[in-house]
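Note sheet for the following structure.
Counting starts at 1 for both ligands and their atoms, following the listed order. Both backbone and side-chain heavy atoms feed into the values below; hydrogens, waters and symmetry mates do not. Computed from a predicted model, the values in this text were never measured in an experiment.
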Amino acid sequence: MLVAAAALTATVASAQNLDAGKSAEKLFADGCATCHRSPRGLAKGRFSLTLTWFLNDHYAASSDSAKALAAYLESVDGPPPRAAAKPGGKSSRFSPHPPKPVQGH
Ligand code: HEC
């Protein structure tokens, strides 16, 4: 158990500079998939803080890996509601056609 936990921590620590999502995915495949066949549906729309706390408390050896896993579970759990209204998207692409200039009567 301790060895597995240490391995998890090492994985996260060494992969952190690369792709966090990828490392968490591997983390899940290595340490969680035995019991949870799919990462989907585990986050259940929880707040990431609650999820992180849960993972930290129950599984992960470090808060870093718990955070990464929580983010991963959330990312595969379906798009969060606010993803549709991301500030980066602005309205330009989806703006309805501009109002036509009013012609003189
Ligand atoms: C030894 C088997 C086992 C392993 C390994 C395991 N889990 Fe679990 N996990 C469980 C069980 C059993 C539950 C309780 C399921 C329930 O209450 O519906 C649970 C519950 C959870 C929940 C809460 C789900 C819910 O319905 O509230 C999350 C999130 C979760 N696990 C994530 C993980 C993550 C992430 C990992 C890898 C770090 C992991 N688990 C590894 C057995 C395992």
- Query: Any N/O/S atom of His36 sitting less than 2.8 Å from atom 8 (Fe) of ligand 1, backbone or side chain?
  - Reply: yes
- Relative to the heavy atoms of Gly31, which atoms of ligand 1 are at a distance of less than 4.0 Å? 5 (C), 37 (C), 41 (C)
- Message: I'd like to check whether Arg46 has a polar contact with ligand 1, where a contact means an N/O of the residue lying under 3.5 Å from an N/O of the ligand.
- Response: yes
- Closest to atom 34 (C) of ligand 1 by heavy-atom distance, out of Cys32, Ala70, Ala68, is Cys32
- Task: Kindly write out the residues that satisfy side-chain contact (heavy atoms from CB on, under 4.5 Å) with Ser63, not counting sequence neighbours, or none if the list is empty.
- Result: Asn56
- Task: To the nearest 0.5 angstrom, please state how far the CZ atom of Arg46 sits from the OG1 atom of Thr52.
- Result: 11.0 Å
- May I ask whether Lys44 has any heavy atom positioned less than 4.0 angstrom from an atom of ligand 1? yes
Sequence neighbours excluded and cut-off under 3.5 Å, please list the side-chain donor-acceptor pairs for residues 32-39, or say none.
from	atom 1	to	atom 2	distance (Å)
Ser38	OG	Arg40	N	3.0

- Evaluation steps, side chain to side chain contact (heavy atoms under 4.5 Å, CB included), between Leu69 and Phe28: CA-CA 7 Å; Leu69 273 167; Phe28 188 91; 4.2 Å; yes
- What atoms in ligand 1 come closer than 4.0 Å to a heavy atom of Leu69? 38 (C)
- Which ligand 1 atoms are under 4.0 Å away from a heavy-atom of Cys35? 1 (C), 2 (C), 3 (C), 4 (C), 5 (C), 42 (C), 43 (C)
- Separation of Leu55 CG from Tyr72 OH (nearest 0.5 Å): 12.5 Å
- Any donor-acceptor N/O pair, Glu74 side chain to Gly45 backbone, under 3.5 Å: no
- Message: Any heavy atom of Thr34 closer to ligand 1 than 4.0 angstrom?
- Response: no
